[in-house]
Amino acid sequence: MKHGTWTNWYGNQSCNAFVVDAQSEDDIVEAVTFAKNKGLKVRAAGTGHSNVPLIPNSGVVICTDKLKGIAAHDFENNTATIWGGTKIHDMGDALWELGLGLSNQGDIDTQSIVGAISTGTHGTGLSLKNLSSMVDALRIVDATGGVRTLDDSNENQMRAARVSLGLLGIVTQVKMKVTKAYHLHEWVGLMPYEAAAEIEAEMINKYRHFGYFWCTSAPSVKWLGVSAEGNPERFDDCAYVRIFDPNPIDVGELSRYEIRRRYDRSYRIYPEVYTPDFHEMEYMVPLDVGVECFREIKTTLRDLFEVVTVPGEMRFTAGDDNYLSEYYGGPRIAISASGRMGKEDLDFFRGLDKIFAKYDGRSHWGKIHFLNRERLEHIYPRHGDFVSVRREMDPEGMFLNNYLEPLFG
């Protein structure tokens with residue numbers, strides 16, 4: 001254990017602390033015990049994909065990168081036990097060789113599996129829940145330095161632990177529901193935004209996965225890796241639509257907008273490749289107000305900026321019953337908007353936050369938001385239940401930091 005500097009993936013969050021490069025679960029036990037004896041705070045870092053200061057503290061930062069791989073699996077019952085520091089992109093081949101796969105995942109696959117779970121990370125698919133809802137059990141190092149397993153034998157703890165922001169302990173292993181390995185067809189088209197909005201209701205029910213990026217102009221299309229040459233009007237207020245399905249995709253008249261088709265293993269279809277050069281805000285709003293909310297977001301962005309370089313995104317995910325899940329209580333639409341890293345975008349994001357607040361939006365826990373305790377208690381009906389579990393499992397607040405204390409202390 002040595003004093004050093006920890007910095008996140010984006011480079012916008014850092015701290016000076018005792019940084020532990022954990023090689024094993026025993027190293028984590030030792031680090032938590034050290035912090036307990038010294039009265040220090042502890043936070044665990046996966047890949048550091050969060051824009052917000054979930055990790056920074058002046059005590060101990062535990063890096064879990066070395067705890068990786070598939071620890072166990074059950075092919076008949078479709079479960080896999082995975083070490084907490086395993087990156088999602090490393091799980092694809094490993095699970096495939098076992099005849100298994102994740103039933104869904106997001107469009108970034110470089111996060112650690114526990115980091116993605118703990119922040120409520122999601123993919124798209126109206127019949128599919130987020131990654132956290134796949135969790136059957138968690139093995140954690142708790143605030144005493146002891147190792148325990150959380151599972152459905154204590155439903156209250158599990159509903160808190162699936163999306164916990166690392167506030168209940170350091171997760172070393174996660175047992176997840178998986179599925180048999182499968183392939184996906186992908187169809188990508190670039191079309192006018194209004195065309196995407198018109199087919200949205202049909203497509204989210206017709207296909208396993210439907211989502212799109214909204215692009216204002218050629219620079220935002222180019223940001224997605226699409227050639228922006230040719231007729232410039234084609235790139236004004238357009239949608240980069242992605243559809244995935246196990247069966248061949250027939251889009252009929254929309255075929256004139258097609259720019260790509262693929263068929264491959266599922267985990268090769270889901271992800272896009274991103275450079276960490278942007279700040280992101282993403283809120284989940286109820287399904288029935290999603291289009292209305294997004295139209296207001298679009299108008300605001302166009303009014304604020306002549307050119308929006310980083311596109312917005314719309315995705316659709318099923319509901320669940322986990323206390324801090326952004327999808328608690330029913331399906332929602334995830335709407336994201338981004339600004340360029342290094343630019344002062346706080347006024348921009350505060351303006352968007354006011355719109356999301358009108359629609360009872362819940363922020364992705366790893367992305368920029370302005371939620372305070374009062375708003376959290378309003379939009380998360382089980383916020384109080386989560387806080388009760390947190391206080392029970394960590395009465396001294398070892399796993400809180402200055403950012404999390406006002407929200408969950």
Side-chain angles (χ1 to χ4, degrees), residues 8-13 48-56 106-108 111 115-116 118-124 130 163 165 193 211-216 219-220 223-224 239-240 272 274-286 289-305 307-317 324-327 332-373 375-376 378-380 403-404 407:
N8 71 344
W9 185 67
Y10 291 95
N12 72 321
Q13 301 292 341
H49 271 76
S50 295
N51 280 276
V52 292
L54 291 176
I55 307 302
D107 57 6
I108 295 179
Q111 312 106 313
S118 298
T119 53
T121 296
H122 61 96
T124 189
N130 63 12
V163 183
L165 311 182
Y193 165 75
Y212 57 88
F213 290 89
W214 170 67
C215 305
T216 60
S220 51
W223 190 87
L224 287 166
Y240 176 90
E272 293 275 4
Y274 298 105
T275 301
D277 60 353
F278 60 97
H279 297 282
E280 186 176 7
M281 169 177 276
E282 182 177 49
Y283 277 68
M284 291 65 167
V285 301
V289 297
V291 172
E292 180 184 352
C293 178
F294 192 60
R295 290 187 189 279
E296 193 167 345
I297 293 293
K298 281 178 73 252
T299 300
T300 300
L301 287 171
R302 294 299 288 266
D303 288 347
L304 285 172
F305 297 99
V307 175
V308 179
T309 305
V310 185
E313 187 176 12
M314 289 273 279
R315 289 179 286 174
F316 310 80
T317 303
L324 290 187
S325 170
E326 301 94 325
Y327 295 92
R332 290 193 168 226
I333 298 179
I335 303 173
S336 75
S338 302
R340 279 295 191 182
M341 189 66 70
K343 294 185 179 295
E344 184 51 65
D345 288 324
L346 282 182
D347 289 342
F348 157 62
F349 285 124
R350 287 189 186 280
L352 298 184
D353 176 70
K354 289 178 182 178
I355 297 172
F356 285 125
K358 289 170 50 178
Y359 297 94
D360 281 342
R362 297 172 181 159
S363 171
H364 187 298
W365 289 112
K367 300 175 184 178
I368 292 171
H369 66 81
F370 301 99
L371 300 177
N372 56 25
R373 185 74 169 242
R375 280 178 68 184
L376 285 180
H378 169 68
I379 60 180
Y380 284 94
Y403 170 74
L404 294 164
L407 303 179

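Both backbone and side-chain heavy atoms feed into the values below; hydrogens, waters and symmetry mates do not.
Scanning for side chain to side chain donor-acceptor pair (under 3.5 Å) contacts around Ser50 gives an empty result, with sequence neighbours left out. Every residue two or more places apart in sequence or in another chain that forms a side chain to side chain contact (heavy atoms under 4.5 Å, CB included) with Thr317 is listed here: His122, Tyr327. Not counting sequence neighbours, the partners of Lys358 by the salt bridge (charged side-chain N to carboxylate O under 4.0 Å, His left out) test are Glu296. Residues forming a side chain to side chain contact (heavy atoms under 4.5 Å, CB included) with Ile379 (at least two apart in sequence, or on another chain): Asp360, Arg362, Leu371. Looking at residues two or more places apart in sequence or on another chain, you find a side chain to side chain donor-acceptor pair (under 3.5 Å) between Asp353 and Tyr283, Arg375. Listed by chain and number, the residues in a ring pair (Phe, Tyr, Trp, His ring centres under 6.0 Å) with His364 amount to none (sequence neighbours excluded). Looking at residues two or more places apart in sequence or on another chain, you find a side chain to side chain donor-acceptor pair (under 3.5 Å) between Ser336 and Glu280. Scored by the salt bridge (charged side-chain N to carboxylate O under 4.0 Å, His left out) test, Glu282 finds Arg315, Lys367 as partners (sequence neighbours excluded). Every residue two or more places apart in sequence or in another chain that forms a side chain to side chain contact (heavy atoms under 4.5 Å, CB included) with Arg350 is listed here: Phe370. Remark: Tyr380 engages Trp365 in a ring pair (Phe, Tyr, Trp, His ring centres under 6.0 Å) (not counting sequence neighbours). Listed by chain and residue number, Trp6, Gln13, Cys15, Pro53 satisfy the side chain to side chain contact (heavy atoms under 4.5 Å, CB included) test with Pro56 (two or more places apart in sequence, or in another chain).
Atom OG1 of Thr121 is separated from atom CG of Asn130 by 8.0 Å, given to the nearest 0.5 angstrom. Residue Ile297 holds its CD1 atom at 4.5 Å from CG of Leu352, rounded to the nearest 0.5 Å. Here the CZ atom belonging to Phe213 is positioned 5.5 Å from the CD atom belonging to Glu272, to the nearest 0.5 angstrom. Here the OG-CD distance, from Ser118 to Gln111, works out to 11.5 Å after rounding to the nearest 0.5 Å.
Shown here for Cys293 and Val285, the closest heavy-atom pair between the two residues is SG-CG1, 4.2 Å. When all heavy atoms of Glu326 and Thr119 are compared, the closest pair comes out as OE2-O, 3.0 Å.
Ring geometry, His369 versus Tyr403: the interplanar angle falls from 30° to 60°, so the pair is classed tilted.
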Begin with the C-alpha distance, continue with both residues' side-chain angles, and end with the deciding distance and a verdict on side-chain contact (heavy atoms from CB on, under 4.5 Å) for Tyr193 and Arg295. CA-CA 10 Å; Tyr193 165 75; Arg295 290 187 189 279; 3.7 Å; yes
Using the side-chain contact (heavy atoms from CB on, under 4.5 Å) rule, take Ile335 and Tyr359 through it: C-alpha gap first, then chi angles, then the decisive distance, then the call. CA-CA 12 Å; Ile335 303 173; Tyr359 297 94; over 6 Å; no
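A distance-only check finds no donor-acceptor pair linking the side chain of Asn8 to the backbone of Asn51 [under 3.5 Å].
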